[in-house]
Protein chains: 2
Amino acid sequence: MTSGLRERKKLATRLALHQAALQLVAERGLDGVSVDDIAARADVSPRTFFNYFPTKDDAVVGIDASAVGQAAERFAARPAHESPVEALRAVHAQQATEMAGEPETLWPLRLRVIDEHPVLIARLHAVFGSAERALAEAIAVRTGTAVGADVYPTLLAAVSGAAMRAGLHAWLASDFTASLPALVDEAWDALAAGLPAPRR
Amino acid sequence: MTSGLRERKKLATRLALHQAALQLVAERGLDGVSVDDIAARADVSPRTFFNYFPTKDDAVVGIDASAVGQAAERFAARPAHESPVEALRAVHAQQATEMAGEPETLWPLRLRVIDEHPVLIARLHAVFGSAERALAEAIAVRTGTAVGADVYPTLLAAVSGAAMRAGLHAWLASDFTASLPALVDEAWDALAAGLPAPRR
DNA sequence: CGCGGATCGTGCAGTCCGGGCAATGTTGCG
DNA sequence: CGCAACATTGCCCGGACTGCACGATCCGCG
């Protein structure tokens, strides 16, 4: 499955490009970095860059389309007795744990860099957006409706993105001292309660 | 305030460019249209195009940054006794009514064109995203917290975007036969109830 | 009325993004 | 070992977008 020298090499160069992009942008800012620079640091030709990422911005954000559908798949695999919200909470809990546990500095660096460049924030929103469309489909299946027929699937999918983004944002704001899973869970608490104004 | 020949002309060319972009893309698709084409149909020089929109995509989406802050301002202006959710609902009701009442075909055409091009969906998400950041600030003020300190402001701001997008999507799915304000309101009902699974 | 100052439209030149094509090298399979 | 598949790369091109400089237009003030 994961075997094959070819596969591993591809993954490696992909990661190399992503990290090169991340570092360079952290150093010089988005406009101070060209695709050629990134390719150079990753030791590939500029032309090859585009075999891995369609856009400079995408290389910086570094989230591939395959990871995008993941949420929807995991959601669909949850036990049938769970309500949509319960199932989504569980999926998010798992994802948040994974993200917090990765190579340590990867997500923090990513989020810091993205947060400083509106264009990249937009790109991140876009990635979430396409994940949400897939998710809406899965939600519709679970609730027995169609995406077009009811607001619920689209709404819940978008809301789930909102919860995750809010969690990530709070994580960044805490300078990564807080626990990401706890923050995401907190968001879901508020959602399940109907978003009452927080008492001070 | 609105006076001045200059002001009016600017608004006019801006709208002309937007509509030209919209029509052309509806006819030929996004890649079949160049900035020069759009400028030509709007009767301005290609260079002038960029005085009005930073990007071809932005011209198609056609929502300016000023309109973006609008939601936050209106929210801030709501009576203080309203809860954040109540205030947001009211703002959305007003916006939805306005959008449904505009030059008729403008929003429908916009939404149809955007829906067909993933890049434009992304751009729309981006616009919503920056609106949400402004809104989060306003929510933080109203609830007496800070944006970094609590998940709530970011979350609610993102959720409000989700509600509006879900409403718009359902509106499009109904081929604009349904009432946009009603759809948005329906979304808020679900949110206030904690997003229970819809009964079939 | 008319005269600066500010603002807008425009052309030109240049950089960079991003993609199609074809040659070359590398990997994996029988 | 040899062939087929695929990845890398170079070349080239059109289109997006920017900085600059100049002319035209509009606005406010005397």
Looking at B:K56 and B:V33, would you say the former's side chain and the latter's main chain have a donor-acceptor pair under 3.5 Å?
yes
Side-chain heavy atoms of A:F75 within contact of A:S160, under 4.5 Å
no
Between D:dC17, C:dT10, C:dG18, which nucleotide gets closest to the side-chain atoms of B:K56?
D:dC17
May I ask you to evaluate whether B:K10 reaches the phosphate of C:dC8, defined as a side-chain N or O under 4.0 Å from OP1 or OP2?
yes
What contact category does B:F49 fall into here, base, sugar-phosphate, or nothing, at under 4.0 angstrom with non-hydrogen atoms?
nothing
Any base atoms under 4.0 Å from B:N51, or only sugar-phosphate, or nothing? Heavy atoms, all strands.
base
Atom pair distance, as rounded to whole Å: CG in B:D43 and P in C:dC8:
20 Å
Would you work out how much the helix from C:dC1-D:dG30 to C:dG30-D:dC1 bends between its ends, with each end axis defined by five base pairs, to 10 degrees?
30°
Among the candidates C:dG9, D:dT8, C:dC12, find the nucleotide nearest to the side-chain atoms of B:T48.
C:dG9
For the residue pair B:K10 and B:Y52, would you count it as a cation-pi contact if the rule is NZ or CZ under 6.0 angstrom from the ring centre and within 45 degrees of the ring axis?
yes
Which nucleotide in C:dC17, D:dT9, C:dG9 has an atom nearest any side-chain atom of B:T13
C:dG9
Does C:dC8 have OP1 or OP2 under 4.0 Å away from a side-chain N or O of B:Y52?
no
What is the distance from CG of B:L30 to C1' of C:dG18, rounded to the nearest Å?
14 Å
Can a donor-acceptor pair be found, under 3.5 Å and without considering hydrogens, that links the side chain of B:T55 to the backbone of B:D57?
no
Check this for me: does the side-chain of A:R47 come within 3.5 Å of the base of C:dG20 through a donor and an acceptor?
yes
Quick one: is B:S45 getting a side-chain N or O under 4.0 Å of the C:dG9 phosphate, OP1 or OP2?
no
Atom pair distance, as rounded to whole Å: CG in A:D31 and P in D:dT18:
9 Å
Does A:S34 place a side-chain N or O at less than 4.0 Å from the phosphate oxygens OP1/OP2 of C:dC16?
no
Sugar-phosphate, base or nothing in reach of B:F53, heavy atoms under 4.0 Å
nothing
Under 3.5 Å donor-acceptor, A:H18 side chain and A:A59 backbone
yes
Over how many whole Å does the gap from A:F50 atom CZ to D:dC12 atom P extend?
18 Å
Is B:T55 close enough to D:dC17 that one of its side-chain N or O atoms is under 4.0 Å from OP1 or OP2 there?
yes
Rounded to the nearest Å, what distance is computed from the CG atom of residue A:D36 to the P atom of nucleotide C:dC17?
7 Å
Send over the distance from B:D57 CG to C:dC17 P, rounded to a whole Å.
17 Å
Over 12 foreign heavy atoms within 6.0 Å of CG, A:D175
yes
Is there a side-chain contact between B:R78 and B:E86, using heavy atoms and a 4.5 Å cut-off?
no
Whole angstrom is fine here: how far is it from NZ in B:K9 over to P in C:dA6?
22 Å
